[in-house]
Amino acid sequence: MKMKKILLLGSGELGREFVIAAKRAGQYVVACDRYAGAPAMQVADECDVFSMLDGDALDAAVARHKPDIIVPEIEAIRTERLFDYERQGMQVVPSARAVNYTMNRRAIRDLAAKELGLRTARYHYAKTFDEMKAAAADIGFPCVVKPLMSSSGHGQSYVHSEAELEKAFNDAMEGSRGDVKEVIVEEFIDFDSEFTLLTVTQKEGPTLFCPPIGHVQKGGDYRESWQPYSISAEALAAAQHIAGRVTEALTGAGLWGVEFFLTKQGEVIFSELSPRPHDTGMVTLGHTTNLSEFELHFRAVMGLPIAGIHLEHAGASAVVLAKGEGGVPEYNLVDALSEDYTRVRIFGKPEQHPGRRMGVVLCYGPADADTTPLRDKAKRLAAWMNLEQALESGELVTGTVTGKVKGGLTVMTNG
């Protein structure tokens, strides 16, 4: 296979794992982001720092690096420029059409609900506070307010009464990414659970699906996920049908994170879609499937064969959240790594902010194992990963081992 130059637009933790997959196959990667030292930059061949919302700067970077393939990893990009790059002969992943649709909630929701006739939550758009009040009155309370363009749950609110609307509107406007200042007001779905169906579209070959992934979000941001997620054969078939139709309409090759609600009545409702590896899919780094979502994305992008996707282990992931502000935190690896069937991935973000995702703990077991104990284990270990949190209590306990926190170090003693 000939070496290709890949331009990665956005260099967070998901991009980092994609770069690792690409480098293992001998490819050349240029990682771009708005700040230096981003996670993917630390493992790429080159890096470039600029705002991808600056169309001229984006054009200049493409002209400077002359990539064969452009892989968007974030929403805050001048996505309309991607059509021109495609016309110039560069491969945009999964396609310029897909990225433009999915980076904006209006486009993807209208495609699913109006063009494809799929079941979604009822929704209205609003550019002003008065428009949002009218939308909420029609939808009813509780409802969900989101910016049309955002990521990782920024600016999302669950609104229970009219009194909460003004704060929700302001949060949505402040949390919006890019220059799209508009919100979507959605019906609140009384769902039993949420799940992600990682879907792989190929240049040649059928659309493939990973075993479904259950997940829990807080404020719209991923906190834990587990695989497999228990679902009936009928519900799984419905989700696969929906995911297949949406990705086919958007076109292109790559891995997609398709999110669904599962209602208490067993109905599958389309929620959102990402045209790239999904944060809830980080559970696959714990060897749940024979290929991680990042390896699957890379193979699909390159047109390499995917012989099959198989569940090899049951697994769970839980995020490690920053508690403080400022520089790089210290991590308590001792407790996590003292337990078998556990892996830790630190993202390498150069600074922390309260609530920022800094790493993930992965726990796994036999393919037929109950995921509930794995979830509990992953959450317990993730909670102790940040030494600042451990300092609040002064000691860490794992089984019969107690770790006293002294001078930034965890000293292990027999308890």
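Because the structure is a prediction, the values reported are computed rather than measured.
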* **Short side-chain to backbone donor-acceptor contact, Glu267 and Thr263, under 3.5 Å** => no

* To do: Tell me, please, which residues at least two apart from Ser157 pass side chain to side chain contact (heavy atoms under 4.5 Å, CB included).
  => Val159, Ala168, Asp171

* Partners passing ring-ring contact (aromatic ring centres under 6.0 Å, His included) against Tyr35 (at least two apart in sequence or in another chain) -> none

* To do: Using the side chain to side chain contact (heavy atoms under 4.5 Å, CB included) rule, take Ile184 and His124 through it: C-alpha gap first, then chi angles, then the decisive distance, then the call.
  => CA-CA 6 Å; Ile184 180 171; His124 291 305; over 6 Å; no

* Structure fact -> Heavy-atom nearest pair, Gly15 first then Ala40, reads C-CB, 3.7 Å

* For the pair Thr201 (side chain) and Thr207 (backbone), establish whether a donor and an acceptor sit closer than 3.5 Å, ignoring hydrogens and angles. => no

* When you look at CD of Glu80, are more than 12 heavy atoms from neighbouring residues, nucleotides or ligands closer to it than 6.0 Å? -> yes

* Verdict with reasoning, Arg97 to Glu86, per salt bridge (Lys or Arg N to Asp or Glu O under 4.0 Å) -> CA-CA 10 Å; Arg97 170 181 166 83; Glu86 272 190 343; over 6 Å; no

* **Heavy-atom pair of closest approach, residues Glu295 and Asn290** => OE1-O, 4.4 Å

* **Val200 side chain reached by Phe209 side chain, heavy atoms, under 4.5 Å** => no

* To do: List for me each residue that meets side-chain hydrogen bond (donor to acceptor under 3.5 Å, both in side chains) alongside Thr102, sequence neighbours excluded, and say none if there are none.
  => none

* Would you say Arg299's side chain and Pro305's backbone share a donor-acceptor pair under 3.5 angstrom? -> yes

* Asked: Does a side chain donor of either Trp226 or Ser317 reach within less than 3.5 Å of an acceptor in the other side chain?
  -> no

* Asked: For Tyr28, which residues count as a ring-ring contact (aromatic ring centres under 6.0 Å, His included) partner, sequence neighbours excluded?
  -> none

* For Asp33 and Ser11, work out which heavy atoms get closest and say how close. => OD2-N, 2.8 Å

* To do: With sequence neighbours excluded, give me every ring pair (Phe, Tyr, Trp, His ring centres under 6.0 Å) pair touching residues 281-305.
  => Phe18-His297

* Asked: Can you name the side-chain hydrogen bond (donor to acceptor under 3.5 Å, both in side chains) partners of Arg375, sequence neighbours left out?
  -> Glu224

* To do: Locate the shortest heavy-atom distance separating Ala378 from Ala316; write the atom from each residue and the value.
  => CB-O, 4.1 Å

* Please assess Cys210 against Leu197 for the test side chain to side chain contact (heavy atoms under 4.5 Å, CB included), listing each intermediate value before the final yes or no. => CA-CA 7 Å; Cys210 294; Leu197 188 64; 5.9 Å; no

* Might you point out which heavy atoms bring Leu53 and Ile77 nearest each other, and give the distance in Å? => CD2-N, 3.8 Å

* For Glu166 and Asn170, does a side-chain donor sit closer than 3.5 Å to a side-chain acceptor? -> no

* Check side chain to side chain contact (heavy atoms under 4.5 Å, CB included) between Glu259 and all other residues, then give those that pass, not counting sequence neighbours. => Thr196, His215, Gln217, Ser271, Glu272, His278

* With a 4.5 Å limit on heavy-atom distance, are the side chains of Ile213 and Pro228 in contact? -> no

* To do: Look at the aromatic rings of Phe191 and Phe261 and report parallel, tilted or perpendicular, splitting at 30° and 60°.
  => parallel

* Do the non-hydrogen side-chain atoms of Leu116 and Val246 ever get within less than 4.5 Å of each other? -> yes

* Check the surroundings of atom NZ in Lys203: do more than 12 heavy atoms from other residues, nucleotides or ligands lie under 6.0 Å from it? => yes

* Asked: Looking at Tyr123, does the NZ or CZ of Arg109 lie under 6.0 angstrom from its six-membered ring centre and within 45 degrees of the ring axis?
  -> yes

* Could you list all the ring pair (Phe, Tyr, Trp, His ring centres under 6.0 Å) pairs where at least one residue sits in residues 76-116, not counting sequence neighbours? => none

* Between Thr280 (side chain) and Ser225 (backbone), is there a donor-acceptor pair under 3.5 Å? -> no

* Asked: With distance as the sole criterion, is a donor-acceptor pair present between the side chains of Thr288 and Gln227 under 3.5 Å?
  -> yes

* **Check against side chain to side chain contact (heavy atoms under 4.5 Å, CB included), Val344 and Leu333** => CA-CA 8 Å; Val344 174; Leu333 292 172; 3.9 Å; yes

* Counterpart residues, side-chain hydrogen bond (donor to acceptor under 3.5 Å, both in side chains), relative to Tyr125 (two or more places apart) -> Asp110

* Asked: Taking only residues two or more places apart in sequence, or in another chain, which ones meet Glu187 in a side-chain hydrogen bond (donor to acceptor under 3.5 Å, both in side chains)?
  -> none

* To do: Indicate whether any N or O donor in one side chain lies under 3.5 Å from an N or O acceptor in the other, for Tyr229 and Ser193.
  => yes

* Does any pair with a residue in residues 57-71 pass salt bridge (Lys or Arg N to Asp or Glu O under 4.0 Å), and if so which ones, sequence neighbours excluded? -> Asp48-Arg64, Asp59-Arg81

* Asked: Would a distance-only check, ignoring hydrogens and angles, find a side-chain to backbone donor-acceptor pair under 3.5 Å from Arg119 to Ile269?
  -> no

* **Arg122 and Glu186 ion-paired at < 4.0 Å** => no

* **Side chains of Tyr222 and Arg357, donor plus acceptor under 3.5 Å** => no

* Without swapping roles, check the side chain of Glu174 against the backbone of Phe169 for a donor-acceptor pair under 3.5 Å. => no

* Asked: Do Arg343 and Leu337 have side-chain heavy atoms sitting under 4.5 Å apart?
  -> no

* To do: Kindly check if the number of other-residue, nucleotide or ligand heavy atoms within 6.0 Å of CD (Gln88) is above 12?
  => yes

* To do: Before accepting this row, confirm whether a basic side-chain N of the pair Arg380/Asp335 lies closer than 4.0 Å to the acidic partner's carboxylate O.
  => no

* Asked: Just by modelled atom types, is the Ala25 backbone N or O under 3.5 Å from a matching donor or acceptor in the Gln27 side chain?
  -> yes

* To do: Without swapping roles, check the side chain of Thr128 against the backbone of Glu131 for a donor-acceptor pair under 3.5 Å.
  => yes

* Polar side-chain atom of Thr284 near backbone of Met282 as donor-acceptor pair, under 3.5 Å -> no

* Is the shortest heavy-atom distance from the side chain of Leu9 to the side chain of Leu58 under 4.5 Å? -> yes

* To do: Give a yes or no on this: more than 12 heavy atoms of other residues, nucleotides or ligands lie within 6.0 Å of atom CD of Glu46.
  => yes

* Asked: Minimum heavy-atom separation for Val29 to Ala44, with atom names?
  -> O-CB, 3.6 Å

* Asked: Do Arg356 and Lys323 have side chains that get closer than 4.5 Å, going by heavy atoms?
  -> no

* **pair Tyr158-Glu164: side-chain heavy atoms closer than 4.5 Å** => no

* Decide whether Thr247 and Thr199 meet the rule of one side-chain donor and one side-chain acceptor closer than 3.5 Å. => no

* Give every residue pair that meets the side chain to side chain donor-acceptor pair (under 3.5 Å) criterion with at least one member in residues 1-10, sequence neighbours excluded. => none

* Asked: Given Val320 and Val361, is the side chain to side chain contact (heavy atoms under 4.5 Å, CB included) satisfied, shown in steps?
  -> CA-CA 7 Å; Val320 177; Val361 172; 4.1 Å; yes

* Asked: Going by heavy atoms in the side chains, are Leu8 and Cys32 under 4.5 Å from each other?
  -> no

